[in-house]
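Predicted model only: the values in this text are computed from it and were never measured. Both backbone and side-chain heavy atoms feed into the values below; hydrogens, waters and symmetry mates do not. Below, chain A is the first sequence line, B the second, and so on; all start at residue 1.
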There are 2 protein chains.
Amino acid sequence: MKTLNELSNELKKKNIRLTHQRLKILEYLYNAKTHPTVEEIYSALKKEVPSLSKTTIYNTLNYLSELNIIKSLIIDENEARFDGVTDNHGHFKCSKCGKIYDFDINMDALAADRLDNFEINEKTVYFKGICSGCLSKI
Amino acid sequence: MKTLNELSNELKKKNIRLTHQRLKILEYLYNAKTHPTVEEIYSALKKEVPSLSKTTIYNTLNYLSELNIIKSLIIDENEARFDGVTDNHGHFKCSKCGKIYDFDINMDALAADRLDNFEINEKTVYFKGICSGCLSKI
DNA sequence: TATTATATTGTAATCATTACAAAGAAAAAA
DNA sequence: TTTTTTCTTTGTAATGATTACAATATAATA
Ligand SMILES: [Mn+2]
Ligand SMILES: [Mn+2]
Ligand SMILES: [Zn+2]
Ligand SMILES: [Zn+2]
């Protein structure tokens, strides 16, 4: 649960211009932890920031992704999602409720002989299935 | 390198109606091994099958994916790709040349305590970076 | 405060994918 | 083989997410 003040300092340190919109988007991302879509962020912030434009959300998320302050996830087609946690971890998406769960995984142990002379910059792992919550409702 | 005849028999066995388009699309997918996009398949087959429609390619690929005869991959946004190899394996996409490489990986070893009571139906692993070919050209 | 650089916004454009209905082709029946 | 039935293909239009663009607004700096 990061406060707006903590977020401000983080951005200032990195020389990223501090705007109301950026702070609100980041605050939402850090605190919601739902790996939200652009649509979700938009709906959630529209009341508080009525002028907010979807373009701004796209711009902000893309910009911060490039700077590795947040991460973008693509698990399903037409559904870019964003994550405030940049430490590499795995994701599980429940096919029933759509919720996305984090899990720890040792990415260093993931290796392949065939890629010996390759430069690996990014490793992605995700699972799909049915979460325990949905299973218990059956 | 599967022949059209082998493909025909495979589909017949599974009671999938045998059409010229389906065979051509499957033949291309099995033999090209490039994890092609719809666009790539379309361009490649247009000469041989001039009537071919992109809608048919989408229909065919989606249908065969549901039946687990092929697999669809999403590595980058706006770029669904297809794979004739359905055995679970990892993918490496080169950020320079865009080529996608297969690699073997033991998916069973991929596990997470946090998902103990979850039903896991699908595991996806992919890497990004620069392939040996592109590295040697620098 | 005034200036400058950068961000936000609304709208239009783009691009991949899907929906739909008419025409065509494959399989089954006769 | 011919007829009938069922499923597939096709072109076009619709959809939905994302990006391009230019005018306006705001943050940082002096
Ligand atoms: Mn996460
Ligand atoms: Mn593959
Ligand atoms: Zn669930
Ligand atoms: Zn390469």
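Distance CZ (B:R22) to C1' (D:dC7): 8 Å, rounded to an integer number of Å. Atom P of nucleotide C:dA7 and atom CG of A:L23 are separated by 13 Å, given to the nearest angstrom. Distance A:Y58 OH to C:dT11 P: 17 Å, rounded to the nearest Å. Between the CZ atom of B:R81 and the P atom of C:dT17 there is a distance of 11 Å, given to the nearest Å. Distance NZ (B:K54) to P (D:dT15): 20 Å, rounded to an integer number of Å. Protein atom CG of B:L52 is 16 Å distant from nucleotide atom C1' of D:dT12, rounded to whole Å. Whole-Å rounding puts the B:Y63 OH to D:dT9 P distance at 10 Å. Atom CD1 in A:I41 sits roughly 14 Å away from atom P in C:dT8 (whole-Å rounding).
Between D:dG11 and B:T55, no contact under 4.0 Å exists linking OP1 or OP2 to a side-chain N or O. A sub-4.0 Å separation between OP1 or OP2 of D:dA25 and a side-chain N or O of A:Q21 is absent. Between B:N62 and C:dT18, a side-chain N or O to OP1/OP2 separation shorter than 4.0 Å is present.
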Would you check, one step at a time, whether the test side chain to side chain contact (heavy atoms under 4.5 Å, CB included) holds for A:I105 with A:H89? CA-CA 6 Å; A:I105 193 164; A:H89 58 278; 5.8 Å; no
Please report the C-alpha distance between A:E79 and A:K93 in whole Å, then the side-chain angles of each, then the deciding distance to 0.1 Å, and finally whether the side chain to side chain contact (heavy atoms under 4.5 Å, CB included) criterion is met. CA-CA 12 Å; A:E79 193 181 68; A:K93 179 170 184 187; 2.8 Å; yes
Dump the intermediate steps for salt bridge (charged side-chain N to carboxylate O under 4.0 Å, His left out) on A:K128 and A:D76, then the final yes or no. CA-CA 10 Å; A:K128 288 184 187 176; A:D76 280 316; 2.7 Å; yes
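Listed candidates were C:dT9, C:dA7, D:dT19. Nearest to the side chain of A:S53 is C:dT9. Nearest nucleotide to the B:V38 side chain, out of D:dT10, C:dT17, C:dG10: C:dT17. The side chain of B:N59 approaches D:dT10 more closely than any other nucleotide in the set D:dT10, C:dA16, C:dA7.
Contacts of A:E77 with the nucleic acid, taken as non-hydrogen atoms under 4.0 Å apart, involve only primed sugar atoms and P, OP1 or OP2.
In the displayed structure, B:K46 atom NZ is contacted under 6.0 Å by more than 12 heavy atoms of other residues, nucleotides or ligands.
In this view, A:D116 satisfies the side chain to side chain contact (heavy atoms under 4.5 Å, CB included) rule with no residue, not counting sequence neighbours.
Scanning both residues, B:F92 and B:C131, for their nearest heavy atoms gives CE2-N, 4.0 Å.
For the pair B:L11 and B:L23, the minimum side-chain heavy-atom distance is below 4.5 Å.
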Pairs under 3.5 angstrom, nitrogen or oxygen only, protein versus nucleotides 24-26 of chain C, please.
unit_1, atom_1, unit_2, atom_2, d
C:dA26, N3, B:R17, NH1, 3.4

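When each of A:S51 and B:E79 is assigned the nucleotide of DNA chain C bearing its nearest heavy atom, the one mapping closer to the 5' terminus is A:S51.
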